[in-house]
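Here's the structure, in structure tokens; my notes come after.
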Amino acid sequence: TVKSSLYLQNNVIIEEVNKGLNPGMIVLLVVATTLLLFFVGNYALYLYAQKTLPPKKKKPVSKKKLKREKLKQGVSAPGE
């Protein structure tokens with residue numbers, strides 16, 4: 001509720017406006033709350049996924065890469 005009252009004090013009119021929350025503050029609160037809920041929700045989903053989903057499968061290493069690695073180590077690749 002918006003209350004507005006005028007007081008006459010020493011021949012000077014003082015206007016006193018009693019507002020609840022100003023609109024800028026409401027918008028800020030809504031945006032901040034939405035962002036907070038978004039990040040908390042994402043973190044909760046991340047934790048849930050870590051527990052329930054199986055670990056990712058690693059890509060198979062190609063024979064070419066295996067050969068190259070073995071040559072680097074000085075061991076002859078099989079079939080040579």
Side-chain angles (χ1 to χ4, degrees):
T1 61
V2 176
K3 293 179 184 175
S4 183
S5 54
L6 295 172
Y7 293 111
L8 201 63
Q9 205 171 25
N10 296 338
N11 294 333
V12 177
I13 298 171
I14 299 168
E15 189 176 358
E16 193 178 279
V17 180
N18 187 11
K19 292 181 185 173
L21 287 170
N22 65 339
M25 191 59 121
I26 293 171
V27 170
L28 188 69
L29 281 171
V30 168
V31 170
T33 306
T34 306
L35 278 173
L36 188 70
L37 283 173
F38 175 75
F39 285 115
V40 169
N42 264 354
Y43 186 64
L45 278 173
Y46 169 76
L47 289 179
Y48 174 73
Q50 290 297 311
K51 286 181 189 173
T52 57
L53 292 176
K56 278 187 177 180
K57 291 180 182 175
K58 291 181 181 175
K59 288 182 183 177
V61 181
S62 68
K63 289 181 182 177
K64 212 179 209 180
K65 281 187 182 175
L66 275 174
K67 211 178 208 181
R68 199 178 299 138
E69 285 298 316
K70 287 189 177 183
L71 281 171
K72 276 183 188 174
Q73 291 173 4
V75 178
S76 64
E80 284 188 1

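With sequence neighbours excluded, the residues satisfying side-chain contact (heavy atoms from CB on, under 4.5 Å) with Lys64 are Ser62, Arg68.
The structure places CG of Leu36 at 11.5 Å from CG of Leu29, a figure rounded to the nearest 0.5 Å. Here NZ of Lys63 is found 11.5 Å from NZ of Lys70. Values are rounded to the nearest 0.5 Å. Expressed to the nearest 0.5 Å, how far CG of Asn42 lies from CG of Leu47 amounts to 11.0 Å.
Partner of Thr34 under the side-chain contact (heavy atoms from CB on, under 4.5 Å) criterion, chosen from Val30, Val31, Leu37: Val30.
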